[in-house]
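The basis for the numbers below is simple: all heavy atoms, side chains too, and nothing from hydrogens, waters or symmetry mates. Throughout, a chain's letter reflects where its sequence line sits, starting with A, and its residues are numbered from 1. Keep in mind it's a predicted model, so treat the numbers as computed, not measured.
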2 protein chains.
Amino acid sequence: MVHPEQPAAETFIDVLIVEDDPRIAEINRRFIEQITGFRVCGVATDAEQAKLQLERLEPHLVLLDIYLPASSGLELLYHIRQHHRGTDAIMITAAREIEAVQEAIRSGAFDYLMKPLVFDRLKETMQRYAAFRRELIRLSDSSSIGQHDIDRLLSRLSDSTVSSDGAPMLPKGIDKLTLDKVSQAIYSIKDGMSADKIAKLIGISRSTSRRYLEYLVGLGVIEADLSYGIGRPERVYRSRNADDRH
Amino acid sequence: MVHPEQPAAETFIDVLIVEDDPRIAEINRRFIEQITGFRVCGVATDAEQAKLQLERLEPHLVLLDIYLPASSGLELLYHIRQHHRGTDAIMITAAREIEAVQEAIRSGAFDYLMKPLVFDRLKETMQRYAAFRRELIRLSDSSSIGQHDIDRLLSRLSDSTVSSDGAPMLPKGIDKLTLDKVSQAIYSIKDGMSADKIAKLIGISRSTSRRYLEYLVGLGVIEADLSYGIGRPERVYRSRNADDRH
DNA sequence: TTCGTTTTGTTCATTTTGTTCACGGGCACT
DNA sequence: AGTGCCCGTGAACAAAATGAACAAAACGAA
């Protein structure tokens, strides 16, 4: 029911880069624009410029990369928090003091990256932010939000299920092949299904089916609902992306 | 003397509880004090009291449990962020709007728990906070910090267990999903409703609807009233904070 | 007060869940 | 090859959650 505006403009995330060294700002700009879904809407080389551009451009995200011996960078973050509540910030600084990090975290910075910048890490953070923002938009549409949704948002969608070498590390009791089958089954159906039905569909036991479905629920990939009747209600699983609204 | 006295006051984390219902505040106070390492230094039942106590007690952590239709609870969080930068906050509210959650996250709330409160979840959060604080102190001593340290802090040390589904420990006969549905129904309507109406709204039986509503009344989250007519009066339930008729 | 009416509060059969644990297949190491 | 160990699987079982049915309760009307 909520599809008021922002059909096209929302597909991009507007980024304001704040960096006192123009050369580095340029490097960062190029890098950001390579990541799909992001668009650099402005560059500022000091706090004053940054405030003006914040006012004018209303970016979704600020890459706050200004040198701070615990001063202007954090000040700017406070300014954003007070005057631009819809704007997020990723800190990129050389400040190694724990105090600065502390303040940034308490001010709700999305992430805090240390110089020298590792570009892979920046990319990963940007993609996490994109996921974060998608999730926010998705939840604005859905009428009901639960604790689990909030937990995912607060965790910054950090993908702890992927080990450092990129291979998905699975917990005990979860086999990759079976997981693939179950995932495929749940995605191929529109309506929700009980663990029992899915089990029969694939040819495994209800126990196993249930184990994998619950695992997927824990990941937040699918969601569970209840179907009431006589006796204990049936737990139905459904893929999260299924558009059920009109 | 089996146990020697606690060495220093600094080993405790001082908690200020902010909750408009004194009974629930008391329940929370007892619960917090059972967790080792925490000490409740004060209780406030409205925003004014809270500000005074923040000034006087300088708590490490605020349990911000005030009802907010996007107003006073978040206002207080902003106040804390502006005037008490060393203080953290955990939000505990019934607000199910994504906007409130968004603001809380952007204001750097440590966690956001939804009412009705699951105590195991609160405990888990408190322990995560304790770990977070220990980590902060440890890092203050060390001369240099790295990206990895920051990542751990930002993740809220959530590596302990899978969040939100460790062990909900709801009483027998209460299912989390059904509870969510009933809670959402009761919060989504302004006027009180009978158990029967709510049952039909969700698609469950009156028995079940009643069971959950009474559970919520027992928690003090909602309240019951009587509506008279012919025959036995009808029990109407309404969210406790929705009554502005005074 | 007594009766008819309407809703509550509770019990219990029913159906499904959630968990445990023996089995057996595969992998690594000898 | 042989052997031992680890781990995913599913049958069986105990526990849980629900709704139908019913007795008791609380009210207005007479």
Send over the distance from Y228(B) OH to dT5(C) P, rounded to a whole Å.
-> 22 Å

Measure from CG on L213(A) to C1' on dT17(C) and round the result to the nearest Å.
-> 13 Å

So, are R156(B) and D151(A) salt-bridged, with charged N and O less than 4.0 Å apart?
-> no

For DNA chain D, whose closest nucleotide is more 5', that of P233(B) or that of I174(A)?
-> I174(A)

Could you tell me whether R235(B) contacts a base, only the sugar-phosphate backbone, or nothing, with contacts defined as non-hydrogen atoms closer than 4.0 Å?
-> sugar-phosphate

Write down the distance between CG (L226(B)) and C1' (dT6(C)), rounded to a whole number of angstrom.
-> 13 Å

Measure from CD on E214(B) to P on dT8(C) and round the result to the nearest Å.
-> 10 Å

Side-chain contact check for Y212(B): nearest option of dG8(D), dG10(D), dT18(D) is dT18(D)

Which nucleotide in the set dG8(D), dA21(D), dT19(C) lies at the smallest distance from any side-chain heavy atom of K172(A)?
-> dG8(D)

dT16(C) P sits how many Å from D196(A) CG, rounded?
-> 8 Å

Output the single nucleotide from dT10(C), dG18(C), dT18(D) whose closest atom is nearest the side chain of T208(B).
-> dT18(D)

dT5(C), dG10(D), dA17(D): which one has an atom nearest the side-chain heavy atoms of I230(B)?
-> dT5(C)

Closest to the R210(B) side chain: dA15(D), dT9(D), dG9(C)?
-> dG9(C)

Classify the side chain of T178(B) versus the base of dT18(D) as yes if they form a donor-acceptor pair under 3.5 Å and no if they do not.
-> no

Assess whether one donor atom and one acceptor atom, taken from the side chain of R211(B) and the base of dG9(C), lie less than 3.5 Å apart.
-> no

Determine, for R23(B) against E26(B), whether the closest basic-nitrogen to carboxylate-oxygen distance falls under 4.0 angstrom.
-> no

Any side-chain N or O of S207(B) less than 4.0 Å from the OP1 or OP2 oxygen of dT18(D)?
-> no

Classify the side chain of R232(A) versus the base of dG19(D) as yes if they form a donor-acceptor pair under 3.5 Å and no if they do not.
-> no

Whole-Å distance between dT16(C) P and R206(A) CZ?
-> 10 Å

Take atom OH of Y215(A) and atom P of dG18(C), then tell me their distance rounded to the nearest Å.
-> 18 Å

In terms of side-chain geometry, is the basic nitrogen of R85(A) or E99(B) positioned less than 4.0 Å from the acidic oxygen of its partner?
-> no

Heavy-atom pair with the smallest gap, counting every atom of L226(A) and V236(A) | N-CG2, 4.3 Å

Taking NZ, NE, NH1 and NH2 as the nitrogens, is one of them in R121(A) or D111(A) under 4.0 Å from a carboxylate oxygen of the other?
-> yes

Measure the distance from CD1 on I198(B) to P on dT7(C) and round it to the nearest whole Å.
-> 16 Å

Nucleotide nearest D175(B) when distance is taken to its side chain, options dA16(D), dT8(C), dT18(D) | dT18(D)

